[in-house]
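Data first, discussion second: the structure below is written as structure tokens.
Side-chain atoms are counted along with the backbone in the values below, which use heavy atoms only and exclude waters and symmetry mates. Since this is a predicted model, take the numbers as computed values, not measurements.
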Amino acid sequence: EYISPTTKVVSCIPRRDLELSFNHQKEIFKAELHQHIKLGGRLCLTRDFWAANYKKYAAVTVHWINTDWDLKAATLGVLHLEEPIHSGEHLTKILLSVTADFEITRAIFTITRDNGAPNNVMLRHFEIAASGDHSTLHPWPFRVVEGNARCIAHIINLAVQITPKTLKADAAEDHNSYHFDQGCASIPVQVEQNSALPDCLAKLRQHIYVYRDRRLWRDALQKQARITGLLYRRLKLDMPIRWGSTFTMLKRALDLQVPITAHCATQSLDLSMRNIRLHDDDWATLHTLRNMFEIFDRPTTTLQGDTYPTLNRALPPYLRMMTKLDVMRKKVGHQSTIGEGCTAAWDKLNDYYTMATTQKQSHSAIATTCDPRLNLRCFDQLFPLSGQSDQRGRARTAFHIVHGAYKRCTDEIEAELPSHNANLQSQNAVDVDSDDDLYTTSRRTTEPECRRWISEPGIGRHEDILQYWKV
């Protein structure tokens with residue numbers, strides 16, 4: 001069913017061999033997962049939806065860290081979705097079909113998902129399905145409060161999308177809407193009627209459309225870029241569903257500002273383009289917009305990594321984005337058009353941050369604190385003001401609570417291990433006439449482990465965090 005249509009299958013033998021090989025590798029992979037679970041490990045899932053060729057699909061991937069401190073990841077399944085795809089119960093059924101196939105339902109730790117409302121229902125139903133008897137090694141079933149991990153890159157994208165909507169300058173889904181006939185260039189009527197809209201975005205998109213789709217214009221821009229000594233890169237239009245596309249559009253256009261301006265000032269290919277000429281004020285506004293969208297670019301890229309842990313990196317750049325947006329709106333003015341865009345993006349980020357903290361979803365703060373490069377010290381930098389002591393204290397309290405829960409679990413596990421009991425007996429069998437205890441070479445400390453960790457010296461930011469914990 002999923003073989004490329006261009007692939008010619010000459011007989012049923014290749015398909016049979018493929019199925020045998022796939023099933024064999026699947027059993028090997030299942031054994032690896034079950035061994036990880038047997039040793040007390042848990043698994044994190046990521047679930048995503050997308051559409052292609054008028055069909056909708058769901059993918060489920062699994063992530064875990066093995067006993068060698070290697071970050072592992074694999075795709076568990078790609079499923080074709082049928083209606084009703086917006087039903088939380090239906091989404092639960094799909095997710096359970098995957099976890100049940102690999103027999104890992106009761107070993108799930110967290111589920112990363114987008115922010116659609118049906119996912120809330122899905123997680124509640126999954127919590128019920130994953131409940132049941134649990135051993136000492138697996139004392140915690142999946143619970144929505146601890147296991148609900150909202151995709152931070154998706155949250156950032158929502159904040160990015162709300163900005164042009166607030167400016168009433170969001171990108172068109174169909175690029176052909178920017179088309180105009182030769183000699184008919186003009187600012188769209190809806191733009192001219194809305195004074196709050198920066199028409200420079202509308203004019204820029206029309207310029208990009210012309211330079212992309214008219215060969216003579218594209219060749220002329222390439223030539224002009226060579227004359228000015230700039231690297232030519234094809235201009236791109238932004239799309240509502242493509243993350244970071246507005247920043248990419250602005251950056252490429254601004255990199256070629258000089259050749260675009262020079263060519264438009266001298267060209268005779270279409271004199272009507274003078275009606276939508278980008279003036280100095282327009283370019284200045286585009287530069288400011290680029291600076292605003294750049295706030296989201298680096299965190300979005302960093303937090304989509306799959307070769308290193310990301311949960312520990314989520315909170316600091318998220319809060320830094322909010323700080324930078326606040327600084328920018330003060331700089332450009334709260335009442336300015338771009339200031340209103342900054343406020344809309346800040347409000348969106350703050351809504352999700354407040355939602356996470358009020359629901360006590362502290363996994364991001366815990367992961368940050370467990371990173372020796374950051375620890376609780378980073379919260380002193382993120383919340384430096386005296387009036388922000390509650391935010392600093394909230395992260396510290398969450399860390400202590402989770403540490404206590406894991407400490408109790410560890411004590412119970414060790415109490416059940418025969419080797420642990422044997423060690424206790426050998427330690428208790430002390431020679432009463434011995435004076436070895438008077439000659440100890442190290443000082444014992446009774447300070448709780450979590451307090452010692454908080455005061456632990458930091459390490460370099462470029463250190464491999466997994467190798468650190470392995471050592």
Side-chain angles (χ1 to χ4, degrees), residues 29 31-44 46 61-74 107 109-110 112 136-140 146 149 302-317 362-382 395-396 398-420 422-424 426-427 440-471:
F29 176 63
E32 182 181 0
L33 291 179
H34 292 169
Q35 179 64 17
H36 174 73
I37 297 169
K38 183 179 179 180
L39 295 174
R42 301 175 78 185
L43 305 169
C44 298
T46 299
T61 55
V62 62
H63 310 262
W64 75 100
I65 298 174
N66 64 15
T67 54
D68 292 326
W69 288 94
D70 296 322
L71 182 62
K72 309 284 284 184
F109 183 26
T110 64
T112 302
T136 305
L137 280 175
H138 300 92
W140 297 295
E146 292 94 1
T302 302
L303 296 175
Q304 291 185 81
D306 59 358
T307 59
Y308 51 84
T310 54
L311 190 59
N312 55 314
R313 301 169 179 235
L315 207 52
S362 57
H363 40 260
S364 295
I366 301 302
T368 301
T369 307
C370 288
D371 189 331
R373 300 167 298 185
L374 299 169
N375 210 315
L376 282 176
R377 295 181 296 273
C378 76
F379 294 101
D380 295 332
Q381 299 295 324
L382 294 169
R396 182 182 295 267
F399 179 70
H400 279 277
I401 291 174
V402 173
H403 173 269
Y406 273 87
K407 181 66 169 62
R408 290 189 297 272
C409 176
T410 302
D411 293 341
E412 293 174 1
I413 292 174
E414 290 181 347
E416 289 190 6
L417 294 176
S419 59
H420 177 72
N423 289 334
L424 286 179
S426 62
Q427 292 173 9
T440 56
T441 58
S442 61
R443 184 178 61 182
R444 287 186 178 182
T445 176
T446 58
E447 188 178 20
E449 181 190 17
C450 57
R451 290 187 181 179
R452 283 186 279 123
W453 173 252
I454 291 172
S455 59
E456 186 82 8
I459 63 175
R461 64 174 297 178
H462 299 297
E463 291 288 334
D464 188 324
I465 181 62
L466 294 179
Q467 288 300 314
Y468 171 89
W469 282 113
K470 181 177 181 179
V471 174

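Rounded to the nearest 0.5 Å, atoms CG (Leu315) and CZ (Phe379) are 5.0 Å apart. Taking CD1 from Ile65 and NZ from Lys72, the interatomic distance works out to 12.0 Å, rounded to the nearest 0.5 Å. Note: His403 NE2 to Thr369 OG1 = 12.0 Å, rounded to the nearest 0.5 Å. Summarising the geometry, atom NZ belonging to Lys407 is positioned 14.5 Å from atom NE2 belonging to His400; distances are rounded to the nearest 0.5 Å. Taken from CZ in Phe399 to SG in Cys370, the straight-line distance is 5.0 Å, to the nearest 0.5 Å. Rounding to the nearest 0.5 angstrom, the gap separating the CD atom in Glu449 from the CD1 atom in Ile454 is 11.0 Å.
Leu71 and Thr307 get closest at one heavy-atom pair: CD2-C, 3.8 Å. The two residues Thr310 and Thr302 come nearest to each other via the heavy atoms CG2-O, 4.2 Å. Taking every heavy atom of both residues into account, Thr368 and Leu311 meet most closely at OG1-O, 4.4 Å.
For Arg377, the CZ atom counts as densely surrounded, since its 6.0 Å shell holds more than 12 non-hydrogen atoms of other residues, nucleotides or ligands.
Proximity of Leu466 to Pro309: side-chain heavy atoms (C-beta onward) are separated by under 4.5 Å at one or more points. You'll find the side chain of Lys470 stays beyond 4.5 Å of the side chain of Asp464, heavy atoms only. Residues Asn312 and Arg373 have side chains in contact (heavy-atom distance under 4.5 Å, counting atoms from C-beta outward).
In this structure, Arg313 is positioned above the aromatic face of Tyr308, its NZ or CZ under 6.0 Å from the six-membered ring centre and within 45° of the axis.
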Step-by-step side chain to side chain contact (heavy atoms under 4.5 Å, CB included) determination, Trp64 to His36: CA-CA 9 Å; Trp64 75 100; His36 174 73; 3.5 Å; yes
